[in-house]
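Quick notes on the structure that follows.
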Protein chains: 2
Amino acid sequence: MLQIRDGELCVLLWRRALPPYEGFWALPGGALGVGEDLGVSIRRQLAQKVDVRDLAHLEQLETRSDPERDPRHRTLATAYLGLVPADVDPIVPADTGWHPAADLPAMAFDHASVVRSGRRRLRAKLGYTNVGFALAPPEFTMSQLSGYYCSALGHDVAATNLRRVLLRRGQIEETGRSVPSGRSGGRPAALFRFRDRNLQITDEFAVLRPPNAS
Amino acid sequence: MLQIRDGELCVLLWRRALPPYEGFWALPGGALGVGEDLGVSIRRQLAQKVDVRDLAHLEQLETRSDPERDPRHRTLATAYLGLVPADVDPIVPADTGWHPAADLPAMAFDHASVVRSGRRRLRAKLGYTNVGFALAPPEFTMSQLSGYYCSALGHDVAATNLRRVLLRRGQIEETGRSVPSGRSGGRPAALFRFRDRNLQITDEFAVLRPPNAS
């Protein structure tokens with residue numbers, strides 16, 4: 001699970017209490033139960049760590065299958081990418097905490113590589129989908145939103161450019177409300193929201209859209 | 001594996017000779033070997049059906065885990081999406097053949113649903129990546145390319161619009177060569193090629209690109 005916290009893209013990890021990798025940090029997860037599919041399983045396991053209602057988006061990332069990935073026995077792991085909006089602060093167990101995705105502690109198994117893969121997926125999807133809805137709170141200023149994009153992408157994003165392209169792509173809209181700018185004498189900052197809080201490809205390549213799509 | 005054949009998006013299937021689903025059609029695949037990861041396994045299994053050098057692109061699609069998907073016992077299946085360019089005609093075994101993806105025969109397990117999922121992935125990626133390189137031959141006219149896009153997307157794509165957007169996105173370039181137009185008295189048609197035959201996201205959302213990317 002990824003969330004932007006204090007301007008940094010962070011990942012939820014728990015500290016392993018038992019070998020292998022005792023004391024190392026791992027992604028939340030566990031064995032697939034009898035009669036469970038992967039989607040049910042990941043939701044059950046996340047519910048044991050955080051309130052799953054805090055998740056704004058969840059998608060299957062990839063299945064890892066290196067025969068040597070678990071020193072005990074052969075294990076395949078299907079990783080999911082979950083996103084938590086910046087305005088919620090899930091209550092997490094004592095052995096669990098948020099860590100900057102760009103500066104991971106000593107990680108168990110191939111989990112550091114899974115985090116890098118999830119970060120790449122998020123960065124790519126920010127470019128061609130509306131997935132920003134899952135990072136942002138329900139309403140935000142463009143200054144806040146460009147901060148979230150900057151944290152997720154790892155480079156600066158100008159608020160004015162971001163506003164222009166997200167409006168043109170129909171991803172965001174003005175709420176009609178505003179907040180004080182925070183700078184003394186500054187104009188109030190307009191509040192925006194994402195128009196859709198389900199994942200959509202919002203690419204501009206109109207020639208490739210079905211003829212009847214809006 | 002998907003390929004555009006005679007203007008139709010087709011999928012390679014083999015006919016099961018044994019129960020369960022005897023006589024039904026299935027995607028090529030099989031059990032993960034000891035010491036094999038999924039990528040090695042899928043390449044080995046495809047090599048038993050077709051020459052894998054014919055594959056221009058291969059990516060992990062998704063892992064299916066419905067507890068009821070195999071009537072014999074619990075099985076998870078990780079599906080891959082493979083693309084074969086339109087100009088090759090792989091030699092396939094006698095029990096194997098290409099079928100229109102939009103008009104599948106009676107399919108085993110959840111394989112019809114996996115094909116639909118692969119088709120959706122391909123359609124989406126045509127909109128934000130250069131994945132067309134894996135459908136097209138090394139050189140093509142815009143009329144041919146728009147035909148491939150039309151087959152993959154399931155709706156008409158005007159060659160002139162396609163040419164404009166793919167050039168603007170830097171996906172394709174002119175080869176400097178041309179072929180007779182085929183129409184009597186028509187001008188020769190210019191031959192194009194994809195500039196890169198590895199998957200790239202070619203989205204125009206420049207504000208989200210890293211500052212030093214071209």
Side-chain angles (χ1 to χ4, degrees), chain A residues 32-42 59-69 74 76-80 123-129 132 146 149-150 152-166 168-169 171 201-213, chain B residues 32-42 59-69 74 76-80 123-129 132 146 149-150 152-166 168-169 171 201-213:
Chain A
L32 187 62
V34 175
E36 250 184 2
D37 69 19
L38 288 165
V40 168
S41 183
I42 188 71
E59 66 177 46
Q60 203 184 90
L61 180 61
E62 63 194 22
T63 297
R64 293 298 185 104
S65 58
D66 182 337
E68 312 295 328
R69 63 180 297 281
R74 179 100 212 232
L76 272 70
T78 300
Y80 278 72
R123 286 176 177 176
K125 286 208 159 174
L126 284 170
Y128 62 84
T129 74
S146 65
Y149 272 71
C150 172
L153 294 168
H155 60 83
D156 276 347
V157 176
T160 48
N161 286 343
L162 189 65
R163 177 179 177 280
R164 179 174 49 79
V165 289
L166 294 185
R168 192 176 62 203
R169 291 191 164 190
Q171 285 197 25
I201 293 175
T202 58
D203 188 85
E204 284 196 301
F205 202 167
V207 69
L208 294 184
R209 284 196 203 122
N212 298 323
Chain B
L32 186 62
V34 175
E36 249 183 3
D37 70 19
L38 288 165
V40 168
S41 184
I42 187 72
E59 66 177 47
Q60 203 185 90
L61 180 61
E62 63 193 22
T63 298
R64 293 299 185 102
S65 58
D66 183 338
E68 312 295 328
R69 64 180 296 283
R74 179 101 210 234
L76 272 70
T78 300
Y80 278 73
R123 286 176 177 176
K125 286 210 158 172
L126 283 171
Y128 63 83
T129 74
S146 66
Y149 272 72
C150 172
L153 294 168
H155 61 81
D156 278 345
V157 176
T160 47
N161 286 342
L162 188 65
R163 177 178 176 281
R164 181 174 47 78
V165 289
L166 294 186
R168 193 175 62 204
R169 291 192 164 192
Q171 286 197 23
I201 293 175
T202 58
D203 188 86
E204 283 197 301
F205 201 166
V207 69
L208 293 186
R209 284 198 204 120
N212 298 325

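Convention: sequence-line order gives letters A, B, ...; per-chain numbering from 1.
Around the CZ atom of B:Arg163, the shell of radius 6.0 Å holds no more than 12 heavy atoms that belong to other residues, nucleotides or ligands.
Between B:Arg74 and A:Glu36, the shortest heavy-atom contact is NH2-O, 2.6 Å.
Contacts between B:Gln60 and chain A at a heavy-atom distance below 4.5 Å involve the side chain alone, from C-beta outward. Interface remark: B:Thr78 contributes side-chain atoms only to the contact with chain A (heavy atom separation under 4.5 Å).
Residues A:Leu76 and B:Thr63 fail the side-chain proximity criterion, which asks for heavy atoms closer than 4.5 Å.
For the atom pair CZ (B:Arg64) and CG (A:Leu38), the distance works out to 11.0 Å, reported to the nearest 0.5 Å.
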